[in-house]
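Every value quoted in this text rests on a predicted model; they were computed, and no experiment measured them. First the proteins, then the strands, lettered A, B, ... as listed; each starts at 1.
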Number of protein chains: 2
Amino acid sequence: MSDQAQPVINYFKRIIPVDDVDRVMIGNAFKLVHVKKRQFLVQPNFVATHRNFVVRGAFRSYIVAEGGHEHTIAFAIDDWWITDYNSYIFQRPSTMFVVALEDSIVLQIDFEKENMLKAAHHKYETFFRTIAERGLAFYLRRLISNLSHSAEERYREFEKNYPKVVQRVPQYALASYLGMTTEYLSKLRNQRMKKPDG
Amino acid sequence: MSDQAQPVINYFKRIIPVDDVDRVMIGNAFKLVHVKKRQFLVQPNFVATHRNFVVRGAFRSYIVAEGGHEHTIAFAIDDWWITDYNSYIFQRPSTMFVVALEDSIVLQIDFEKENMLKAAHHKYETFFRTIAERGLAFYLRRLISNLSHSAEERYREFEKNYPKVVQRVPQYALASYLGMTTEYLSKLRNQRMKKPDG
DNA sequence: TGAAAAAGTTGAACTAGTTCAACCTCCTTT
DNA sequence: AAAGGAGGTTGAACTAGTTCAACTTTTTCA
């Protein structure tokens, strides 16, 4: 059996040592899933059953607010994780969608198998602690950016930090991630803002 | 020696079992510190050396953006943690202030002692993983609120969820936490917004 | 391949929230 | 008790970003 879990094993190796026994345990915990564009991994009112590691492809999580406005919460491309953490961690009904933006391949671990890993060995707990801490730090930086920068600054900053995401993601999704309308982002990109003078 | 660390031990007990050995280990890891109103626990360009558990008192973390505008990142009152996570987790220079809003008492653990605890026993790793996950979920909810609600909705929601914080925190700090100006929050609170008609 | 759907663009009118400035009201601290 | 500062209030003028509507371009898939 070829090791389909290799991509996520490589990811684990960046954080904790992985020996042959671990290789098998991790391989058994994750299952490889092909996801078609526009297919959902999570939907509101259902509990997010899996944490998803993106082997190849692109995803977006978003909520639909009153008035039908969508707000993108996260993107995930190759080598990133995605799920609804509020739903997954507490095993409560989700409030968001997670959808594939391209035909994608993910490695999924479900909540129970993740808990078994965590219980099985100290170092798996270390692994999940580390990615939770990094995720926390990431959302903190994003919150700071949202509070302290203008729409244009947020866009320029994102473009600089995540050029690959900008290229692969539809503009309406990026706009709603950055907290602005599609129209406004379009204007920002095309420099057709009102000019000071003629 | 009376157990000064009891408040944080109680907090640990809500997440992992704590026996007499643990009690000593936790007691040795944390030190009790009295902090005067307006005293800083973290300042920009210095590495956040400690994670702080608030025994009694109130704190606020904030950044100062260009133009001198302050943005409150977090509050912490009794039984909450506070630090600059981006600085503490990665042991890099901070970009924010953490200041006491009242005379306060905290239990501090430093980065090295925290790592020793994590290394010493699987269950301490579980503890820190759990609080990191909860912190992540918290910031995620806040991000969602910021993206999808108006200034007034954010205020009403916060007032409902954290009435105790609203009472203990100066209004300018609350306004900048909620992503609006002091003046605007003042107007929201006093219902002196422009009326539809006379 | 071609029709429909999805995504993106542009401009004009609008508004939620900011800015600025002046003033008020408490706390502190001596 | 007085002075000074920090925090809060109010109104008028302003603006960053939204809304709406009409249109163009690109993608999808039968």
Side-chain angles (χ1 to χ4, degrees), chain A residues 36-39 58 60 62 64-72 75 97 99-103 145-156 158-159 166-198, chain B residues 36-39 58 60 62 64-72 75 97 99-103 145-156 158-159 166-198:
Chain A
K36 284 266 175 218
K37 183 168 178 173
R38 271 178 259 274
Q39 191 180 322
R60 162 186 178 233
Y62 63 97
V64 179
E66 295 152 55
H69 289 283
E70 294 185 0
H71 298 279
T72 299
F75 291 119
F97 296 91
V99 70
L101 297 169
E102 310 172 355
D103 291 351
S145 175
N146 275 226
L147 286 174
S148 64
H149 294 149
S150 69
E152 172 153 23
E153 289 166 337
R154 273 158 11 229
Y155 169 59
R156 304 292 174 208
F158 189 87
E159 197 182 28
V166 174
Q167 279 160 34
R168 282 171 78 169
V169 137
Q171 177 161 300
Y172 68 88
L174 178 56
S176 78
Y177 179 94
L178 294 172
M180 66 187 82
T181 58
T182 324
E183 292 95 327
Y184 195 67
L185 179 53
S186 175
K187 284 166 190 175
L188 281 180
R189 280 180 142 165
N190 296 302
Q191 261 94 307
R192 298 214 195 307
M193 309 300 295
K194 56 171 171 268
K195 286 166 197 165
D197 203 357
Chain B
K36 284 264 175 220
K37 184 169 177 173
R38 272 179 259 274
Q39 190 180 323
R60 163 186 179 233
Y62 64 97
V64 179
E66 296 153 54
H69 289 283
E70 293 185 1
H71 298 278
T72 300
F75 291 118
F97 296 90
V99 70
L101 297 170
E102 310 172 355
D103 291 352
S145 175
N146 275 225
L147 286 174
S148 64
H149 294 148
S150 69
E152 172 153 25
E153 288 166 337
R154 280 169 351 241
Y155 169 58
R156 303 291 174 209
F158 190 87
E159 197 183 27
V166 174
Q167 281 160 33
R168 282 171 77 170
V169 137
Q171 178 162 300
Y172 69 86
L174 179 56
S176 78
Y177 179 94
L178 294 171
M180 65 187 83
T181 58
T182 323
E183 292 95 327
Y184 195 66
L185 180 53
S186 174
K187 284 164 191 177
L188 281 180
R189 281 180 141 165
N190 296 301
Q191 261 93 308
R192 298 215 195 306
M193 309 300 295
K194 58 172 170 265
K195 286 166 198 164
D197 202 358

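- For the atom pair CD of A/Gln39 and CG of A/Leu101, the computed distance is 12.5 Å after rounding to the nearest 0.5 Å.
- In terms of the side-chain hydrogen bond (donor to acceptor under 3.5 Å, both in side chains) criterion, residue partners of B/Glu102 (sequence neighbours excluded) are, by chain and number, B/Arg168.
- Atom CD in B/Glu152 sits roughly 15 Å away from atom C1' in C/dT15 (whole-Å rounding).
- Within the structure, every side-chain polar atom (N or O) of B/Gln171 is placed at least 4.0 Å from both OP1 and OP2 of D/dA6.
- Each end of the helix from C/dT1-D/dA30 to C/dT30-D/dA1 gets its own rotation axis from five pairs of C1' atoms, and the angle between them is 60° to the nearest 10 degrees.
- B/Arg60 is not listed as a side-chain neighbour of B/Tyr177, based on a closest heavy-atom distance of 4.5 Å or more.
- Rounded to whole angstrom, the span from the CG atom of A/Leu188 across to the C1' atom of C/dG8 amounts to 14 Å.
- For the atom pair A/Lys187 NZ and A/Met180 CE, the distance stands at 13.0 Å (nearest 0.5 Å).
- B/Arg60 places its CZ atom 14 Å from the P atom of D/dA6, with the value rounded to the nearest Å.
- Across all their heavy atoms, B/Glu70 and B/Ser176 have their closest contact at O-CB, 3.3 Å.
- We find the CD-CG distance between A/Gln171 and A/Leu188 to be 9.5 Å, quoted to the nearest 0.5 Å.
- Rounded to an integer number of Å, the gap from A/Tyr172 OH to C/dA5 C1' is 12 Å.
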Counting primed atoms, P, OP1 and OP2 as sugar-phosphate and everything else as base, the B/S/- map of nucleotides 18-30 of chain D against protein heavy atoms under 4.0 Å is BBB-------S--
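- One interatomic measurement links the two molecules: CG of B/Leu101 to C1' of D/dG7, which rounds to 13 Å at whole-angstrom precision.
- When side chains are defined from C-beta on, A/Leu185 does not count as touching A/Tyr172, because their heavy atoms never get closer than 4.5 Å.
- Note that CG of A/Leu178 and CD of A/Glu159 are 10.0 Å apart. Values are rounded to the nearest 0.5 Å.
- Taking both residues in full, the closest heavy atoms of B/Thr72 and B/Tyr62 are given as CA-CB, 3.8 Å, listed atom of the first, atom of the second, then distance.
- Between the P atom of C/dG17 and the CG atom of B/Leu178 lies a distance of 12 Å, rounded to the nearest Å.
- Judged by closest nucleotide on DNA chain C, A/Val169 is the one of A/Val169 and B/Ala151 placed further toward the 5' end.
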